[in-house]
Q: 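Here's a structure for you.
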Amino acid sequence: MILATWNVNSISVRIPHLISWLQQHQPDVLCIQETKVEDTKFPIDKIREIGYEAVFHGQKSYNGVAIISKLPMDKVEKTFRETPELDQARFIKAEIEGNVILNAYIPNGSYVGSDKYEYKLEWFSALRNYLNENQDSSKPVLLCGDFNVAPEDRDIYNPDRHRGEVMCSEQEREALSVIRDWGFVDAFRMHEEQTGHFTWWDYRLLGFKRKMGFRIDHIYVTESLAGKCKRSWIDIEPRKLDRPSDHTPLVAEFN
DNA sequence: ATGGTGGATGGTCCA
């Protein structure tokens with residue numbers, strides 16, 4: 001199985017890139033974030049035309065997630081907690097060939113100390129509670145998406161320049177480590193120890209041109225899947241296209 | 001150079 005994750009930053013704008021990338025790489029599963037469309041406007045027909053199915057959970061203007069798959073999906077869920085008024089269309093789950101696929105768009109957090117930052121930390125905490133109560137780390141579980149956290153200094157082009165800022169503050173890294181310690185392995189870091197591998201570059205900083213990258217998109221897998229993960233890599237080619245998403249796809253391949 | 005761009009939307013909010 002080949003699985004990828006990609007924050008597309010509006011599926012309406014990015015659908016040509018998305019279709020092209022699926023046709024070129026033929027992953028079995030692609031988890032996307034920031035679709036920014038209500039479910040009635042999700043471009044399901046274009047996805048079916050190239051041999052994929054999709055399940056999706058969107059809202060107007062903001063957030064929105066989807067799982068696109070060639071393989072049958074079942075046991076789909078679109079929230080992970082009891083308080084739907086806080087649900088911002090940031091989570092979708094499906095099971096594929098016995099693997100639990102959790103696709104998450106973790107809140108950005110705005111700036112350290114803001115209300116949105118507190119919401120981000122609270123969201124991480126709720127996600128850990130969900131894992132505790134609803135999933136089993138001895139089984140094949142995969143959690144992927146845009147985490148909006150660079151776990152270590154080597155995941156930032158220049159960590160000293162951004163020390164303590166949102167996406168790399170100690171509290172965010174600790175919140176992410178609590179998720180990981182439930183029973184996950186970082187698939188990308190199984191195969192690559194070096195810095196210089198990033199999934200996101202800020203539009204505002206003209207970050208891609210200036211090589212100012214962050215590794216904030218991740219594929220976390222439980223041990224039973226980690227043993228089968230033969231490769232994980234970042235495809236920066238879509239970030240070079242006209243009107244790119246600010247993120248680029250991350251891929252993991254399993255035996 | 002202490003700002004920059006981009007998406008959804010229709011004045012701002014979000015990232």
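Lettering follows sequence order; numbering is per chain, from 1. Because only heavy atoms are used, hydrogens play no part in the values below, and waters and symmetry mates are left out as well, while side chains stay in.
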Q: Does any residue of residues 195-206 of chain A have a heavy atom under 4.0 Å from DNA chain B, and if so, which ones, in number order?
A: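 Going residue by residue through residues 195-206 of chain A, the ones with a heavy atom under 4.0 Å of DNA chain B turn out to be A:Tyr203, A:Arg204, A:Leu205, A:Leu206.
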Q: Whole-Å distance between B:dG7 P and A:Asn108 CG?
A: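 Atom CG in A:Asn108 sits about 17 Å away from atom P in B:dG7.
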Q: Kindly work out whether a path of hydrophobic side-chain contacts (I/L/V/M/F/W/Y, heavy atoms less than 4.5 Å apart) joins A:Val76 to A:Val65.
A: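 In one cluster with A:Val76: A:Val65, yes.
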Q: Take atom C1' in B:dA15 and the same atom in B:dG4, then report the distance between them in whole Å.
A: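 These two C1' atoms come out 14 Å apart once rounded.
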Q: From CG of A:Asp115 over to P of B:dC13, roughly how many Å is that when rounded to an integer?
A: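 Answer to the nearest Å: 14 Å.
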Q: Name every donor-acceptor pair, under 3.5 Å, that has one atom in a side chain of residues 239-246 of chain A and the other anywhere in the protein, sequence neighbours excluded.
A:
| unit_1 | atom_1 | unit_2 | atom_2 | d |
| --- | --- | --- | --- | --- |
| A:Arg239 | NE | A:Ser245 | O | 3.3 |
| A:Arg239 | NE | A:Asp246 | O | 3.1 |
| A:Arg239 | NH2 | A:Trp201 | O | 2.8 |
| A:Lys240 | NZ | A:Glu237 | OE2 | 2.9 |
| A:Ser245 | OG | A:Asn7 | O | 2.6 |
| A:Ser245 | OG | A:His247 | N | 3.0 |
| A:Ser245 | OG | A:His247 | O | 3.4 |
| A:Asp246 | OD2 | A:Trp200 | NE1 | 3.2 |

Q: Does a sphere of radius 6.0 Å around NZ in A:Lys70 hold more than 12 heavy atoms from other residues, nucleotides or ligands, not counting ones at 6.0 Å or beyond?
A: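 Yes, the 6.0 Å shell around NZ holds more than 12 heavy atoms from other groups.
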Q: Look at A:Lys116 and B:dC14 and indicate whether a side-chain polar atom (N or O) is within less than 4.0 Å of OP1 or OP2.
A: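 For A:Lys116, the contact criterion (side-chain N or O under 4.0 Å from OP1 or OP2 of B:dC14) is met.
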Q: Give the rounded distance in Å between these two atoms: CZ of A:Arg14 and P of B:dG7.
A: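 Answer to the nearest Å: 5 Å.
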Q: Roughly, in whole Å, what's the span from NE2 in A:His17 to P in B:dG6?
A: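 So the two atoms are 13 Å apart, to the nearest Å.
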Q: Side-chain N or O of A:Arg210 less than 4.0 angstrom from OP1 or OP2 on B:dA1?
A: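 No.
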Q: For DNA chain B, whose closest nucleotide is more 5', that of A:Val13 or that of A:Pro107?
A: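 Checking each residue's closest nucleotide, the 5'-ward one belongs to A:Val13.
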Q: Using atom types as modelled, flag every donor-acceptor pair under 3.5 Å from a side chain in residues 248-255 of chain A to any protein atom, sequence neighbours excluded.
A:
| unit_1 | atom_1 | unit_2 | atom_2 | d |
| --- | --- | --- | --- | --- |
| A:Thr248 | OG1 | A:Asp235 | O | 2.6 |
| A:Glu253 | OE2 | A:Arg231 | NH1 | 3.0 |
| A:Glu253 | OE2 | A:Trp233 | NE1 | 3.1 |

Q: Scan A:Tyr111 against the nucleic acid and name what it touches under 4.0 Å (heavy atoms): base, sugar-phosphate only, or nothing.
A: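 No contact.
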Q: Nearest-Å distance, CG (A:Asp246) to P (B:dG6)?
A: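 Answer to the nearest Å: 10 Å.
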Q: Take atom NE2 of A:His247 and atom P of B:dC14, then tell me their distance rounded to the nearest Å.
A: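 That distance rounds to 17 Å.
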Q: From CE of A:Met167 over to P of B:dA15, roughly how many Å is that when rounded to an integer?
A: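 Atom-to-atom, A:Met167 to B:dA15, this comes out as 12 Å.
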Q: Is there a side-chain contact between A:Phe147 and A:Tyr220, using heavy atoms and a 4.5 Å cut-off?
A: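 The answer is yes; the side chains approach within 4.5 Å.
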Q: Between A:Asn148 and A:Met167, is there a donor-acceptor pair closer than 3.5 Å when you use the side chain of the first and the backbone of the second?
A: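 A pair under 3.5 Å: no.
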Q: Mind checking the CG-CH2 spacing from A:Asp217 to A:Trp6? Nearest 0.5 Å is all I need.
A: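 Nearest 0.5 Å value for the CG-CH2 distance: 11.5 Å.
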